[in-house]
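Numbered from 1 within each chain, the chains take letters A, B, ... in sequence-line order.
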Protein chains: 2
Amino acid sequence: MTGCTLSVVTEETPRKRVRDPEAHRAAILDAARRAFAEHGYDRATIRDIAARAGVTHGLVMRHFGSKEQLFIAAVPGPRDLADVLPGDPATLPERVAAAFVERMENADHADPFITLVRSAPSREKAAKLYDEMRRASLDPYLASVTGPDAEERVDLLAAHLIGVTFSRYVVRSEPLATMSPERLTDHLARTLRAILLG
Amino acid sequence: MTGCTLSVVTEETPRKRVRDPEAHRAAILDAARRAFAEHGYDRATIRDIAARAGVTHGLVMRHFGSKEQLFIAAVPGPRDLADVLPGDPATLPERVAAAFVERMENADHADPFITLVRSAPSREKAAKLYDEMRRASLDPYLASVTGPDAEERVDLLAAHLIGVTFSRYVVRSEPLATMSPERLTDHLARTLRAILLG
DNA sequence: GTCGCTAATGACCAAGCGTTCATTACGTGG
DNA sequence: CCACGTAATGAACGCTTGGTCATTAGCGAC
């Protein structure tokens, strides 16, 4: 396992260097996504991200310049919840509920949404990024939701999804954390219906 | 403004000492509440709290032993949302909505609920404390809400309030952040009704 | 092969953190 | 009025962090 020729235990074993910028860059991005999702912006460290990616923290700095730029590069815009908009407006709540649950369940606790909910409360910059993404995700809805208070209702829809994300995926408190996806979808559909159309 | 007798600008001016443990302890607790609510557990610092309280950080340690113990001492259980339970079950959603909005609006962005929403996402310990308080706050509701899925509905109610808190009081995104309390109460009542009784 | 470009390393730095503790000075009981 | 208990101070420490940079080594061009 040592691989290195005849090294004493205490001896320094300078790591073998692999020269592959693109693969390293991709590995760092992936590691950063996971680390930021697990710990939030503040408690995630460049050194931990580098270790996960199998490189040194110096290389992370070389590729991304700063922790903040890495965050911006690693946390992509939320995978869309907007492709569910076309269709009968009367069943929009059900479609949104199903799309949300499916997306989150498949993300293995590393969805950008989770990352932002973890990071925004304590980082002004993350809060700004969160707000941009939220706005971009929600804008398409304004065209599909009618009524004078459409904007408010869409915002309340977002707030509800944030609350569920917080409880189920971030803090993971019971009974929401272990509720079956189907049951969650039902509850969500009912509530979103009241928010949007009630 | 200097107050000190003939001190040169560069000269050290050892602060006058006031001996008042109880007042200092109270001042520290108040400063801690505000600091934790503004920045969350991680980004609040003992030195800043001490400065707000007009003492040195050594004194904070002397009185509370550690940052964690200070947090536990400073963030009291959420002021109750349970005294609203007695009454016609059919109007419970309206009463909860009104109580929640009134409590949050009067807290000047320093409600324990806000502190926990800010701290729990990135601190395991804060998350535990959050869970305890949530459970204590919600338990009384289980007696008032009927049906086989009462526990789930109560949890979803909590999730919705978390989401609204997050958007309106923590990240302060529009339009929720500037919505009038009355309007917010209306929206909340309608949504909580769907969650609890829908 | 070897030369040069640059990817990659790891030692280093300064700042900020929570925490410790020797020292100081306030105020009270004698 | 002095002496003592202790509230309060602030210097110091150890650690972690994000960030810098001189040095090293892989690899393609020639």
**Prompt:** Just by modelled atom types, is the A:Leu196 backbone N or O under 3.5 Å from a matching donor or acceptor in the A:Arg153 side chain?
**Reply:** yes

**Asked** Could you write nucleotides 22-30 of chain D as a row of B, S and -, 5' to 3', where a protein heavy atom under 4.0 Å of any base atom gives B, of only sugar-phosphate atoms gives S, and otherwise -?
**Response** --BBBS---

**Complete:** Here the distance between atom C1' of D:dT9 and atom CG of B:Asp20, to the nearest Å, is 16 Å

**Prompt:** Between B:Thr56 and A:Lys67, who's closer to the 5' end of DNA chain D by nearest nucleotide?
**Reply:** B:Thr56

**Request:** Please list, chain by chain and in numerical order, all residues satisfying ring pair (Phe, Tyr, Trp, His ring centres under 6.0 Å) with B:Phe64, sequence neighbours excluded.
**Result:** none

**Asked** Roughly, in whole Å, what's the span from CD in B:Glu22 to C1' in D:dT6?
**Response** 14 Å

**Request:** Give a yes or no on whether the backbone of A:Ala90 and the side-chain of A:Arg193 come within a donor-acceptor separation of less than 3.5 Å.
**Result:** yes

**Request:** Apply side chain to side chain donor-acceptor pair (under 3.5 Å) to B:Tyr169 and list each qualifying residue two or more places apart in sequence or on a separate chain.
**Result:** B:Glu105

**Asked** Centres of the A:Phe166 and B:Tyr130 rings: under 6.0 Å?
**Response** yes

**Asked** Thinking salt bridges, do B:Arg52 and B:Glu38 make one under a 4.0 Å N-O criterion?
**Response** yes

**Prompt:** Below 4.0 angstrom, N of the basic side chain to O of the carboxylate: do A:Arg134 and A:Asp155 qualify?
**Reply:** yes

**Message:** Between B:Arg183 and B:Asp186, does any NZ, NE, NH1 or NH2 come within less than 4.0 Å of an OD or OE carboxylate oxygen?
**Reply:** no

**Asked** Does the A:Lys128 side chain pair with the main chain of A:Arg123, one donor and one acceptor, at a distance under 3.5 Å?
**Response** no

Considering only distance and modelled atom types, tabulate donor-acceptor pairs under 3.5 Å from the side chains of residues 23-32 of chain A, sequence neighbours left out.
residue, atom, partner, partner atom, Å
A:Arg25, NH1, A:His63, O, 3.4
A:Asp30, OD2, A:Arg34, NE, 3.3
A:Asp30, OD2, A:Arg34, NH2, 3.4

**Asked** Hey, can you pull the residues of residues 57-66 of chain B with a non-hydrogen atom under 4.0 angstrom from DNA chain C?
**Response** B:His57, B:Met61, B:Ser66

**Asked** Do any of residues 28-49 of chain B sit with a heavy atom less than 4.0 Å from DNA chain D, and if so which?
**Response** B:Arg47

